[in-house]
Visitor: 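I'd like to ask you about the structure that follows.
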Amino acid sequence: MMTRRVALLVPLVSFAAVAAFTTPAGAVSADSKVSVGSPTTPYLPNGQNEPALAMDANHPAVLVAGANDLVDNAPCNGSSCDLTPDIGISGVYFSFDSGTTWTQPTYTGLTAQNGTTHVGDIHTLPGYLEHGMSSHGDPAVAFGPRPGPGGFSWANGSRLYYGNLAFNLSTSPGFKGASAAVVSRTDNVQAAAAGDQSAWMDPVIVTRQNSALLSDKDDIWADNAASSPFFGNVYLCNVAFRSVGGAPEPLMVASSTDGGSTWRQRQISAATNNAQTGGRQGCAVRTDSAGVVYVVWEGADIHTRQSVFYLARSFDGGSNFETPRAVANVHDVGIFDPVSGRIVFDGFAGTRTDSFPSLDIANGAPTGTDATDTLVLTWPDAANGLNHEQALVQTSTDRGATWSTPVNAAEAGDRPDNPAVAISPNGTDVSLVYNAYLDSFQRTTANPRRMQGVTRHADVGTGGTLGSFTTLNRAAVGDARGTTRTLNRELIYDYQYAAAARDYGAVVWMDARDAADCAAVDAYRQSLINGAPIPAPSPLTACPPMFGNLDIYSGSFLDPTP
């Protein structure tokens, strides 16, 4: 039976590969594999998700990506496909040719890729083992100027910041609490990409830890416009669950004025999470050319009980923040899944989803001189109901005081999820990426759940007016059922990223083109949906070899309307 399933898959994969290599006009590289250090088989090591992307504003051809990368984990042991304790999952990837090719370096740390935990080659962030931690995903990356004797200056070079969560090692805990927000840094991305572990500084714990704290969903940004009075400041936002069980959960922002060596943390939202106030999640942080800090997150309007995006600004380099206010109404996508206990997008036992914000600002980096300071904000929205989701985009040209009416940036017929947006530093172009689901919500695992990455572009006119979105690329189609997270659900979830220069935009997305569907796992998931569980299968013996494969791909596209 397995052999027949693999044979049936081959024509689909071959067709997808042909589609992937049809390069659109104007593309630098429409379809490049980012997660190049991972094997194609078996699961867990062939799975990645939640990609992040940063562009060096002073050297726009330099890109760095991050992702949750299971490359160093042990393969499934029978039906057990849990993450291996103490193994890091924060993958890092480098490109020096605008995303045409990518490098995933090898360092030394704890790995279990051969089935046994030991010190050896790793393909994730280094330096965590030595500090009693494992890197644990939720990646966020940003470039800023390097500090020097005269302060921050692009003349000193560029500094890469990689924010992520960290867990304690079971043998020698490095901090109090369940998880911490931690930042890794390097001033030499070429050496880091070549596998020079010494190119990385020691990871720094940003959050103030206590025995119950669980930090989650961080984002990071460095003030990269030389026109800013706070040029070089670094900001990290995250939600701080003050108990492992959840509530209360305030939105926290930490700032650093010394290149990430020390941090000051502030609470900028209420902490309560109850039927009256709701909770909060999914932050994004950026700065404009004058150094104003913008933090957006999803929360609940206490009066209407509706999901909204809140915006809080700081005009003094993050020392103080104004009272948050709602800037968008949000109709959350997805349906509650009784199998996984999560909100899912494509079907039961499927892809976890959310309506988190993606934010960018045309701040004129690296100098700030041609900034329009237009803000652009996107999210997936279900105002029109299930199977009619939209990727909504709105803009502001007055520092977030007022916003344009949201427009749907998705192509007709797509069910868009996890959209991400970037605006060129001079405010003329917007790049957008999302995963397009091509089938309606499934209550059975018998049918394919087709998805593909889609990149779109729009010009920005006077007053931040968005032109029509046009499609730059539709990536190869995959079947989300072939991805997995502990067998009871799929691996695709939470967020993707985009970045933009004056002449091109770059995006990263989760890509299932090489994921092989597994009949045994489909049957197991269906039994959970039906409420009559059968024994979980052993993927390494019951599934095609490439079951579980989920990759990160990138696309880079020249401005189609220069």
Side-chain angles (χ1 to χ4, degrees), residues 12 16 49 282 298 306-309 328-358 377-394 405-421 432-456 468-471 473-485 488-496 509-513 515 517 522 525-526 528-530 550:
L12 296 177
N49 66 6
E298 186 178 7
Q306 176 167 341
S307 290
V308 297
F309 286 151
N329 292 324
V330 179
H331 304 84
D332 291 282
V333 295
I335 292 179
F336 178 76
D337 176 23
V339 173
S340 62
R342 302 283 189 157
I343 305 298
V344 291
F345 191 86
D346 64 337
F348 290 143
T351 59
R352 190 175 86 187
T353 192
D354 53 68
S355 288
F356 294 165
S358 172
L377 180 66
T378 190
W379 69 97
D381 196 274
N384 295 334
L386 183 67
N387 298 323
H388 301 283
E389 296 84 2
Q390 302 178 90
L392 293 184
V393 181
Q394 65 182 34
T405 301
V407 298
N408 181 22
E411 189 169 348
D414 286 346
R415 297 181 59 217
D417 200 19
N418 306 127
V421 71
L432 182 97
V433 66
Y434 59 83
N435 278 136
Y437 289 83
L438 308 179
D439 301 295
S440 60
F441 188 91
Q442 300 291 310
R443 290 171 171 80
T444 173
T445 60
N447 301 323
R449 300 180 179 185
R450 297 172 300 153
M451 55 83 69
Q452 63 184 154
V454 176
T455 306
R456 307 203 83 199
S468 298
F469 278 88
T470 59
T471 297
N473 187 47
R474 298 187 70 90
V477 175
D479 188 339
R481 293 179 303 168
T483 71
T484 192
R485 177 68 181 92
N488 71 338
R489 59 183 166 98
E490 297 157 11
L491 187 60
I492 303 163
Y493 50 78
D494 283 5
Y495 58 83
Q496 303 176 124
W509 68 88
M510 294 170 279
D511 194 291
R513 71 185 65 185
D517 182 39
D522 289 343
R525 290 173 177 167
Q526 190 64 50
L528 300 179
I529 294 171
N530 296 340
L550 184 66

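Note that the structure is predicted; figures quoted are calculated from it, not measured. Heavy atoms only: backbone and side chains are in, while hydrogens, waters and symmetry mates are out.
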Visitor: Does the pair T444 and Q526 meet the rule for a side-chain contact (heavy atoms from CB on, under 4.5 Å), with working shown?
Guide: CA-CA 6 Å; T444 173; Q526 190 64 50; 3.3 Å; yes

Visitor: Which heavy-atom pair separates E298 from S355 by the least distance, and what is that distance?
Guide: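 Distance-wise, the nearest heavy atoms are OE1-O, 3.4 Å.
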
Visitor: Check whether D517 reaches the backbone of G482 with its side chain - one donor and one acceptor, N or O, closer than 3.5 Å.
Guide: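 Side chain of D517 to backbone of G482: no pair is present.
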
Visitor: Check whether any side-chain heavy atom of I343 lies under 4.5 Å from a side-chain heavy atom of D332, and answer yes or no.
Guide: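 The answer is no, as the side chains (C-beta and beyond) never meet within the 4.5 Å cut-off.
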
Visitor: Do you know the tightest heavy-atom contact between A480 and T351?
Guide: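 That would be CB-CG2, 4.1 Å.
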
Visitor: How many angstroms lie between atom CG of N418 and atom CG of D354, to the nearest 0.5 angstrom?
Guide: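 Spacing of CG (N418) from CG (D354) equals 6.0 Å.
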
Visitor: Just to verify, what does T470 make a side-chain hydrogen bond (donor to acceptor under 3.5 Å, both in side chains) with, not counting sequence neighbours?
Guide: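 Per chain and number, T470 pairs via side-chain hydrogen bond (donor to acceptor under 3.5 Å, both in side chains) with no residue.
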
Visitor: Taking NZ, NE, NH1 and NH2 as the nitrogens, is one of them in R456 or D414 under 4.0 Å from a carboxylate oxygen of the other?
Guide: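 Answer for the salt bridge query: no.
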
Visitor: Which atom names give the shortest non-hydrogen contact between A349 and N488, and what distance separates them?
Guide: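 It is CB-O, 3.4 Å.
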
Visitor: Measure the CG-CG distance between D381 and L392 for me, rounded to the nearest 0.5 Å.
Guide: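 Reported to 0.5 Å precision, the distance equals 4.5 Å.
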
Visitor: Could you state the interatomic distance from CH2 (W379) to CZ (F309), rounded to the nearest 0.5 Å?
Guide: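 Reported to 0.5 Å precision, the distance equals 6.0 Å.
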
Visitor: Has the side chain of N49 got a donor or acceptor atom that lies under 3.5 Å from a matching backbone atom of I492?
Guide: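 No: the side chain of N49 does not pair with the backbone of I492.
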
Visitor: Please check if the side chain of S358 supplies one atom and the backbone of T378 the other of a donor-acceptor pair under 3.5 Å.
Guide: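 It does not hold such a pair.
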
Visitor: Side chains of L491 and T484: closer than 4.5 Å at any heavy-atom pair?
Guide: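 SC-SC contact between L491 and T484 ruled out.
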
Visitor: For a 4.5 angstrom cut-off between non-hydrogen side-chain atoms, does E490 reach R525?
Guide: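 A side-chain contact under 4.5 Å exists here.
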
Visitor: Below 4.0 angstrom, N of the basic side chain to O of the carboxylate: do R450 and D439 qualify?
Guide: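 Salt bridge: yes.
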
Visitor: Distance only, no hydrogens: is a donor on one side chain within 3.5 Å (strictly under) of an acceptor on the other, for N387 and S440?
Guide: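 The criterion, which ignores hydrogens and geometry beyond distance, is not satisfied for S440 and N387.
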
Visitor: Between Q496 and M510, is there a donor-acceptor pair closer than 3.5 Å when you use the side chain of the first and the backbone of the second?
Guide: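 Looks like yes, one N/O pair under 3.5 Å.
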
Visitor: With a 4.5 Å heavy-atom cut-off, do R415 and L386 have their side chains touching?
Guide: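 Counting from C-beta outward, R415 and L386 do come under 4.5 Å.
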
Visitor: Are the side chains of P380 and P416 in touch, meaning some heavy atoms are under 4.5 Å apart?
Guide: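 Not touching, per the 4.5 Å side-chain cut-off.
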
Visitor: How about I529 and R443: do any of their side-chain heavy atoms sit closer than 4.5 Å?
Guide: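 SC-SC contact between I529 and R443 ruled out.
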
Visitor: Do you see a donor-acceptor pair shorter than 3.5 Å between the side chains of R449 and T483?
Guide: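 No donor-acceptor contact under 3.5 Å links the two side chains.
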
Visitor: If I take atom CZ from residue R352 and atom CG from residue D337, how far apart are they, to the nearest 0.5 angstrom?
Guide: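 Answer for the CZ-CG pair, R352 versus D337, is 12.0 Å.
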
Visitor: When you measure from the side chain of R513 to the backbone N and O of A475, does any donor-acceptor pair fall under 3.5 Å?
Guide: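 Answer holds: no.
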
Visitor: Quick one: are R342 and Y493 in side-chain contact, heavy atoms under 4.5 Å?
Guide: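 When only atoms from C-beta onward are counted, Y493 and R342 do not touch, as no gap falls below 4.5 Å.
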
Visitor: First locate atom OH of Y437, then atom CG of D417, and finally report the distance between them rounded to the nearest 0.5 Å.
Guide: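 CG of D417 is found 5.5 Å from OH of Y437.
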
Visitor: Can you check whether S307 reaches H331 side chain to side chain, under 4.5 Å on heavy atoms?
Guide: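 No. Closest side-chain heavy atoms not under 4.5 Å.
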
Visitor: Report the relative orientation of the aromatic rings in F441 and F348; use parallel for angles under 30°, tilted for 30 to 60°, perpendicular for over 60°.
Guide: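 Plane angle over 60°, so perpendicular.
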
Visitor: Apply the test side-chain hydrogen bond (donor to acceptor under 3.5 Å, both in side chains) to residues T455 and N473: give CA-CA distance (whole Å), side-chain angles for both, the deciding distance (0.1 Å), then the verdict.
Guide: CA-CA 5 Å; T455 306; N473 187 47; 5.1 Å; no

Visitor: Could you give me the CA-CA distance, side-chain angles and deciding distance for V339 and R489, then say whether side-chain contact (heavy atoms from CB on, under 4.5 Å) is met?
Guide: CA-CA 8 Å; V339 173; R489 59 183 166 98; over 6 Å; no

Visitor: To the nearest 0.5 angstrom, please state how far the CD atom of Q452 sits from the CG atom of L438.
Guide: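 Spacing of CD (Q452) from CG (L438) equals 5.0 Å.
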
